[in-house]
Amino acid sequence: MEYRTLGKTGLRISRMGFGGIPIQRIDEKGTKKLIEKMAERGVNYIDTARGYTVSEQYIGYGLEGIRDKFVLATKSMARTKEAMAADIETSLKNLRTDYIDLYQVHNPSMEQLAQVTGEGGALEALMAAKEAGKIRHIGLTAHSAAVFEKALELDWVETIMFPYNIVENQGEELIRRCEEKNVGFIDMKPLAGGAIEDASLALRYVCSNPYVTVVIPGMADPSELEENIAACEDTAPLTEEEKQKLDEVREQLGTDFCRRCNYCAPCTVGIDIPGVFLFAGYLQRYNLAEWGKSRYNTLKVKASACIECGECETRCPYHLPIREKLKQCARDMGE
């Protein structure tokens with residue numbers, strides 16, 4: 001297993017980490033088995049979040065007795081000092097630990113980022129927790145390239161997590177800039193939320209980018225762990241055959257896959273189109289219906305509000321049938 005330094009945190013972590021979303025499908029004992037196998041195989045980076053329902057709880061159970069073998073990261077969508085302080089305490093309790101290596105501001109919009117960094121914002125709680133030794137480093141996650149770019153200007157941001165995969169490379173230049181800023185780059189959604197079926201090819205592609213510090217595929221079974229490790233440890237250059245397969249994946253998904261570039265905005269009636277597709281994907285591809293719907297329900301305007309004006313489709317650079325996809329999301333999500 002290759003190890004990298006996670007930017008200015010100085011933490012030494014495995015090139016492949018563990019994404020904690022899918023373990024919502026199993027249980028505590030299954031999670032413990034998986035984490036013990038990770039320890040044996042040298043995978044030492046674990047990512048979870050307050051919003052992943054039972055994920056923190058299961059991981060906390062799995063870490064008992066071997067906490068010191070892992071770099072542990074979680075995140076919160078709290079935007080105020082009070083709410084973030086409460087979430088940090090909950091994370092510590094769930095994870096059964098007295099410190100968390102990396103605590104991240106989870107997917108803020110530009111407006112929410114201003115709230116986080118303003119007076120009474122979540123950053124105040126994070127700094128206080130860091131001073132108290134409850135957390136050791138602070139990062140940020142994003143789905144928006146604009147937020148990613150802004151985060152690179154913030155001195156307190158030690159790591160950035162962003163989607164990057166065969167069909168989502170809108171952040172490629174910003175990923176390169178992470179290296180210049182000594183900011184650790186954590187790659188989420190290497191399989192595009194499950195849309196890319198060839199996991200080995202997807203991980204080989206991500207790991208071929210030297211500016212990616214760590215990639216965190218979601219896993220719920222030891223067989224997935226072994227397959228993913230094999231792909232990430234294969235450091236040979238991509239073959240011509242693999243490059244051809246990359247083009248085939250892009251062609252296959254290119255007509256039916258949202259890259260969250262946000263060029264479709266603004267929606268005439270205020271639908272967050274990439275957000276709808278993101279949350280519906282947890283149901284459609286991950287089979288996480290309850291969690292996907294709970295996230296979807298936070299959206300102010302639902303997919304069913306679409307008036308089929310088609311303005312979004314004229315702006316989509318990938319020519320997605322957005323109106324039809326919104327109808328499907330509305331059916332799947334119940335509104």
Side-chain angles (χ1 to χ4, degrees), residues 1-4 6 11-49 51-75 94-97 100-102 161 165-166 186-208 212-236 242 281-292:
M1 177 61 65
E2 179 186 359
Y3 293 84
R4 295 280 186 96
L6 186 60
L11 296 167
R12 292 292 289 175
I13 62 171
S14 48
R15 188 79 193 283
M16 190 194 87
F18 169 72
I21 291 179
I23 59 168
Q24 297 174 78
R25 298 199 303 260
I26 54 175
D27 56 21
E28 287 183 332
K29 291 184 178 179
T31 302
K32 188 172 187 65
K33 181 180 178 181
L34 188 60
I35 289 176
E36 288 174 344
K37 189 67 175 178
M38 286 164 50
E40 291 176 14
R41 301 289 277 113
V43 176
N44 75 342
Y45 184 83
I46 292 178
D47 174 84
T48 182
Y52 299 168
T53 62
V54 294
S55 181
E56 283 187 339
Q57 176 188 326
Y58 287 2
I59 289 170
Y61 177 84
L63 284 172
E64 283 205 310
I66 53 173
R67 166 70 181 91
D68 61 338
K69 294 182 181 294
F70 292 92
V71 171
L72 184 58
T74 191
K75 44 196 176 290
N94 285 345
L95 293 165
R96 306 188 188 194
T97 185
I100 293 166
D101 297 283
L102 176 65
M161 181 190 294
N165 53 61
I166 295 170
I186 303 161
D187 180 43
M188 65 170 155
K189 303 198 183 301
L191 275 64
I196 300 170
E197 296 180 359
D198 190 335
S200 294
L201 179 66
L203 292 172
R204 288 259 294 138
Y205 171 80
V206 170
C207 289
S208 71
V212 173
T213 312
V214 58
V215 57
I216 53 169
M219 294 171 278
D221 186 271
S223 65
E224 295 173 337
L225 174 66
E226 292 297 334
E227 179 183 357
N228 293 343
I229 288 175
C232 291
E233 287 186 336
D234 184 354
T235 57
E242 285 176 316
Y282 289 116
L283 180 153
Q284 296 162 345
R285 293 193 289 271
Y286 275 132
N287 196 31
L288 293 171
E290 182 179 350
W291 189 65

Just so I know, are the side chains of [X] and [Y] near enough to count as touching, which here means a heavy-atom distance under 4.5 Å?
X    : Y    : answer
I46  : L63  : yes
L201 : I166 : yes
Y45  : L102 : yes
R25  : W291 : no

> Can V212 and R15 be said to form a side-chain contact (heavy atoms from CB on, under 4.5 Å), step by step?
Replying inline: CA-CA 8 Å; V212 173; R15 188 79 193 283; 3.8 Å; yes
>> Tell me whether the count of non-hydrogen atoms from other residues, nucleotides or ligands lying under 6.0 Å of NZ in K33 goes above 12.
In response: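 Atom NZ in K33 is not packed in, count stays at 12 or less.
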>> For the CD atom on E290, are there more than 12 heavy atoms of other groups (residues, nucleotides or ligands in this structure) within a distance under 6.0 Å?
In response: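 Check fails, neighbour count at 12 or below.
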Rounded to the nearest 0.5 Å, what separation is found between the [atom1] atom of [X] and the [atom2] atom of [Y]?
X    : Y    : atom1 : atom2 : value
T213 : I13  : OG1   : CD1   : 6.5 Å
N94  : Y58  : CG    : OH    : 12.0 Å
I216 : N228 : CD1   : CG    : 12.0 Å
R41  : I229 : CZ    : CD1   : 4.0 Å
I35  : E28  : CD1   : CD    : 10.5 Å
T74  : D47  : OG1   : CG    : 7.0 Å

Any idea which heavy atoms bring [X] and [Y] closest together, and the distance?
X    : Y    : value
C232 : C207 : SG-SG, 3.8 Å
T48  : E56  : OG1-N, 3.6 Å
L191 : A202 : CD1-CB, 4.1 Å
L203 : P190 : CD2-CB, 3.9 Å

Would you confirm whether [X], through its side chain, and [Y], through its main-chain N or O, come within 3.5 Å as a donor-acceptor pair?
X    : Y    : answer
S55  : G20  : yes
R204 : A236 : yes
E224 : D221 : yes
N44  : K69  : no
E233 : M1   : yes
Y3   : G42  : yes
R67  : L95  : no

>> Pair M219, K37 - check side-chain contact (heavy atoms from CB on, under 4.5 Å), show working.
In response: CA-CA 12 Å; M219 294 171 278; K37 189 67 175 178; over 6 Å; no
> Between E64 and K32, is a salt bridge (charged side-chain N to carboxylate O under 4.0 Å, His left out) present by the stated rule, with each step listed?
Replying inline: CA-CA 9 Å; E64 283 205 310; K32 188 172 187 65; 5.7 Å; no
